[in-house]
Amino acid sequence: MNWLINNFPSAWELTVEHAYLSFAPTVIGLIVALLLGLALGNRPRPRTIATVLASAMFTVPSLALFVIIPSLLGTGILNPLNVVIALSLYSASLLIRTVFDSLDAVPADALAAAEAMGYSTVRRRLLIDLPLAIPTLAAGLRVAAVTNVSLVSVGAVIGVGGLGQLFTAGYQRDYPDEILAGIIMVLALALVFDRIIAIAAFLLTPWVRAARSAVPRTAGFGGRR
């Protein structure tokens, strides 16, 4: 803890970089997964192919991607863009199945009601399917965000990686306090990401809150009877 207290400005600067390298891939991965999920959700064969490819993509070691991407895109090995692209691929791979599952979890009655009211497919997807899929989607997004916070640290091996630089520097200097400071800040950042997504999902789903608050009220009425 002493190292973190004495070097908090530099640790904070690395934390900001780490947050950017974690946040950007999470958002990009979510957008890609949503687009694929909405386009392929009702098409069994393309959906299966997308799921298999996403699973295969997620098995590729992150360090290998960090090294391969510069040679494919012509970016410098120390360019943070390599980490953003690699983690965006991981996020999309992790979230594509979640998007499919969250859309499948939308109640059939709600879909039938929307179609009976004359909603087009696109309008129903955007105004009915996506909002009702938020609870399941948020759970997967929390996993993807926390995973990105962890994987960004691996980028320190190639010289990019925010708080991961505390791990490599602490290891090279045999200074455990610096490594401990990196662990603390990574855990704190992961917790912040997780809470932000959970609170956003809570605020965006008032019907869920209403249903939860109605349960004890209903039970109370039953008890009086």
Side-chain angles (χ1 to χ4, degrees), residues 1-33 54-55 57-73 75-95 98 137-202:
M1 285 296 291
N2 288 336
W3 189 94
L4 180 59
I5 295 172
N6 296 330
N7 299 274
F8 189 77
S10 59
W12 176 252
E13 185 177 343
L14 291 174
T15 302
V16 172
E17 181 187 7
H18 201 108
Y20 163 72
L21 293 174
S22 306
F23 176 76
T26 303
V27 174
I28 295 172
L30 175 63
I31 293 173
V32 172
S55 300
M57 181 67 227
F58 199 70
T59 62
V60 178
S62 57
L63 185 57
L65 272 185
F66 293 156
V67 174
I68 292 173
I69 285 176
S71 60
L72 294 178
L73 302 182
T75 52
I77 190 71
L78 295 179
N79 193 331
L81 185 62
N82 301 323
V83 175
V84 173
I85 293 173
L87 295 188
S88 296
L89 292 173
Y90 277 121
S91 298
S93 301
L94 189 61
L95 288 171
T98 301
L137 187 58
L141 187 60
R142 289 166 64 185
V143 174
V146 172
T147 301
N148 280 342
V149 172
S150 175
L151 287 178
V152 166
S153 303
V154 180
V157 177
I158 60 170
V160 181
L163 293 166
Q165 296 177 41
L166 298 182
F167 301 151
T168 54
Y171 176 77
Q172 291 168 353
R173 296 194 300 155
D174 192 22
Y175 195 60
D177 281 6
E178 193 169 359
I179 298 174
L180 179 61
I183 294 173
I184 292 173
M185 296 303 283
V186 166
L187 289 176
L189 188 60
L191 181 61
V192 169
F193 271 48
D194 181 83
R195 288 299 84 198
I196 288 175
I197 296 172
I199 292 173
F202 178 79

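Quantities reported herein were computed from a predicted structural model and do not represent experimental measurements.
Summarising the geometry of Val154 relative to Ser62, their closest heavy-atom pair is CG1-OG, 3.8 Å, with the distance given to 0.1 Å. Among all heavy-atom pairs drawn from Gly162 and Glu17, the shortest one is CA-OE1, 3.7 Å. Contact detail for Met57 and Ser93: the closest heavy-atom pair is CG-OG, 3.1 Å. Gly155 approaches Phe66 most closely through the heavy-atom pair N-CE1, 3.6 Å. Closest approach of Ala138 to Ile197, counting heavy atoms only: O-CG2, 3.9 Å. The shortest heavy-atom contact between Thr98 and Leu94 is OG1-O, 3.6 Å.
Atom CD1 of Ile31 and atom OG1 of Thr26 lie 11.0 Å apart (nearest 0.5 Å). Taking CG from Leu72 and CG from Leu65, the interatomic distance works out to 9.0 Å, rounded to the nearest 0.5 Å. Atom CG of Leu89 is separated from atom CD1 of Ile69 by 6.0 Å, given to the nearest 0.5 angstrom. Atoms CD1 and CG, from Ile183 and Leu163 in turn, are 11.0 Å apart once rounded to the nearest 0.5 Å. How far CD of Glu178 is from OG of Ser10: 8.0 Å, rounded to the nearest 0.5 Å. The line from CD1 of Ile28 to CG of Asn148 is 10.0 Å long, rounded to the nearest 0.5 Å.
With contacts defined as side-chain heavy-atom distances shorter than 4.5 Å, the pair Arg195/Leu191 qualifies. Inter-residue side-chain proximity for Val32 and Ser88 is flagged as unmet; no heavy-atom pair is nearer than 4.5 Å.
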For this session: Evaluate the side chain to side chain contact (heavy atoms under 4.5 Å, CB included) criterion for residues Ile179 and Leu166: first the C-alpha distance (whole Å), next the side-chain angles of each, then the deciding distance (0.1 Å), finally the verdict.
Result: CA-CA 6 Å; Ile179 298 174; Leu166 298 182; over 6 Å; no
For this session: Evaluate the side chain to side chain contact (heavy atoms under 4.5 Å, CB included) criterion for residues Leu87 and Leu21: first the C-alpha distance (whole Å), next the side-chain angles of each, then the deciding distance (0.1 Å), finally the verdict.
Result: CA-CA 9 Å; Leu87 295 188; Leu21 293 174; 5.7 Å; no
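For CZ of Phe58, the number of neighbouring non-hydrogen atoms (other residues, nucleotides, ligands) closer than 6.0 Å is greater than 12.
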